[in-house]
Amino acid sequence: MMNAPSPEVDVFISNYTIVDPDVYHLWVNGYSASEAVSILKQYGILEEMGTTLDLVASDILDHYRTYSLLEKIIHYPTKLDQQLAFQIEPQTKHILVEKYYEIDDIVIREFLGKKLSSKHRKDLDEVSEKTSIAIKSCRRQFDNVKRVFKAVEELQGSVIQNISSIFLLSEDLAKKYGVIVFIACMRFETSKRKLQMLTFPDFYEPTLCIMSKWTYPKSSPEFGDTDLDREFLLELREVRVLLDKEKDHKQ
């Protein structure tokens with residue numbers, strides 16, 4: 001009796017970590033694996049890939065497990081080059097970090113003027129309900145802001161450059177975090193009723209201007225741009241006399 005031929009199986013093994021931008025975006029934004037499957041199904045992934053729902057669900061679960069394992073490393077992005085568990089290409093590292101540290105202006109507005117304490121972290125359910133942003137995403141953004149603040153609040157030099165070098169963020173994103181850190185360091189009042197209508201972008205440009213013009217010059221390396229120039233502030237007292245003639249100025 002002749003033996004049946006052994007089936008041929010093609011196997012491909014790779015140790016490079018694959019990041020699907022669409023799945024990673026859903027994971028970062030706080031969607032569960034089952035929610036991600038439903039969303040991608042609505043986008044027509046089954047027809048596009050010519051596959052079944054079970055295979056898509058299995059693939060997404062695999063991605064989610066990988067991202068969960070990577071999360072603690074992404075908290076300190078420079079460690080991505082030091083760890084040996086995952087082999088990640090430079091472009092993929094950039095996507096991992098930049099997406100993870102992305103912020104929603106509407107969520108960040110709720111953090112301004114508040115202490116980044118565990119007490120406020122417990123109140124993120126209210127933030128999620130108010131902003132319609134998933135609670136997991138709100139927690140991620142809160143923890144990211146708190147982590148960045150602790151890392152740079154006492155460092156000398158440019159807070160934006162410090163954030164960019166420590167967390168490997170793009171200039172635009174580092175500026176946003178720099179503004180948040182500056183407002184927290186200066187303890188600016190942002191919660192008064194008359195300020196409630198202001199958004200995070202409303203605070204962004206004026207704060208960058210203050211950081212550039214009102215802090216110690218870059219030629220003073222012993223200070224950072226979270227330190228207001230005391231001599232300049234003393235000179236501002238002379239402007240007070242103009243407030244007495246406010247009506248005249250309006251006319």
Are L69 and V97 in one and the same hydrophobic cluster, where Ile, Leu, Val, Met, Phe, Trp and Tyr link if side-chain heavy atoms are under 4.5 Å apart?
yes

H75: ring pair (Phe, Tyr, Trp, His ring centres under 6.0 Å) partners, not counting sequence neighbours:
Y100

Verify the cluster assignment for L61 and V28: are they in a single hydrophobic cluster under the rule of side-chain heavy atoms below 4.5 Å apart?
no

Please say whether more than 12 non-hydrogen atoms of neighbouring residues, nucleotides or ligands are located less than 6.0 Å from CD in E154.
no

With the side chain counted from C-beta on, respond yes when T190 and F200 share a heavy-atom pair under 4.5 Å apart, and no when they do not.
no

The test is side chain to side chain contact (heavy atoms under 4.5 Å, CB included); show your working for D22 and Y43 and say whether it passes.
CA-CA 11 Å; D22 294 329; Y43 289 167; over 6 Å; no

Could you give me the CA-CA distance, side-chain angles and deciding distance for L96 and V19, then say whether side chain to side chain contact (heavy atoms under 4.5 Å, CB included) is met?
CA-CA 8 Å; L96 285 170; V19 173; 3.8 Å; yes

Supply the atom-to-atom distance I183 CD1 to F111 CZ, rounded to the nearest 0.5 angstrom.
13.5 Å

For Y67, the side-chain hydrogen bond (donor to acceptor under 3.5 Å, both in side chains) test, sequence neighbours excluded, returns H63

Would you indicate whether Q83, at its atom CD, is surrounded by more than 12 heavy atoms from other residues, nucleotides or ligands within a distance under 6.0 Å?
yes

Quick check on the hydrophobic clustering: are L155 and V159 connected, directly or via other members, by side-chain heavy-atom contacts under 4.5 Å?
yes

Following the transitive rule for hydrophobic clusters with a side-chain heavy-atom cut-off under 4.5 Å over Ile, Leu, Val, Met, Phe, Trp and Tyr, establish whether L195 and M186 coincide in one cluster.
yes

All salt bridge (Lys or Arg N to Asp or Glu O under 4.0 Å) counterparts of K93, not counting sequence neighbours:
D81

To the nearest 0.5 angstrom, please state how far the OG1 atom of T92 sits from the CG atom of L80.
10.5 Å

What residues form a side-chain contact (heavy atoms from CB on, under 4.5 Å) with E153, not counting sequence neighbours?
F149, C185

Kindly list each side-chain donor-acceptor pair under 3.5 angstrom involving residues 167-179, sequence neighbours excluded, with atom names and distances?
residue : atom : partner : partner atom : Å
S170    : OG   : E98     : OE2          : 2.4
S170    : OG   : L173    : N            : 3.4
Y177    : OH   : Y101    : O            : 2.8

Ignoring hydrogens and angles, write down the donor-acceptor pairs under 3.5 Å from the side chains of residues 33-42, residues two or more places apart or on other chains.
residue : atom : partner : partner atom : Å
S34     : OG   : S32     : OG           : 3.1
E35     : OE1  : S32     : N            : 2.8
E35     : OE1  : S32     : OG           : 3.3
S38     : OG   : S34     : O            : 3.3

Evaluation steps, side chain to side chain contact (heavy atoms under 4.5 Å, CB included), between V23 and W27
CA-CA 6 Å; V23 178; W27 178 79; 5.5 Å; no

Which residues satisfy the side-chain hydrogen bond (donor to acceptor under 3.5 Å, both in side chains) test with T199, sequence neighbours excluded?
D202

Exercise: identify the closest heavy-atom pair between A134 and S128
C-OG, 3.7 Å

Heavy-atom count check: over 12 atoms from other residues, nucleotides or ligands less than 6.0 Å from F203 CZ?
yes

One should read off an interatomic distance between I160 CD1 and I163 CD1, to the nearest 0.5 angstrom, of 7.0 Å

Distance check, rounded to the nearest 0.5 Å: N29 atom CG versus C138 atom SG?
10.0 Å

Would you sort out whether I18 and T66 count as a side chain to side chain contact (heavy atoms under 4.5 Å, CB included), showing the intermediate values?
CA-CA 9 Å; I18 304 299; T66 300; over 6 Å; no

Quick one: salt bridge (Lys or Arg N to Asp or Glu O under 4.0 Å) partners of K150, sequence neighbours excluded?
none

Report the residues that fulfil side-chain contact (heavy atoms from CB on, under 4.5 Å) with E189, sequence neighbours left out, ordered by chain and then residue number.
S191, K192

Sequence neighbours left out, what passes side-chain contact (heavy atoms from CB on, under 4.5 Å) with T52? Give chain and number order.
D54, L55

Considering only residues two or more places apart or on different chains, which pairs with a residue in residues 130-145 satisfy side chain to side chain donor-acceptor pair (under 3.5 Å)?
D104-Q141, E110-K130, R121-D143, S137-R140, S137-Q141, N144-R147

With sequence neighbours excluded, residues passing ring pair (Phe, Tyr, Trp, His ring centres under 6.0 Å) with F188
F182

When you compare the side chain of V148 with that of I180, does any pair of heavy atoms fall below 4.5 Å?
no

In terms of hydrophobic clusters joined by side-chain contacts under 4.5 Å, are Y76 and I95 together?
no

So CD1 of I135 and CG of L124: to nearest 0.5 Å the spacing works out to 5.0 Å

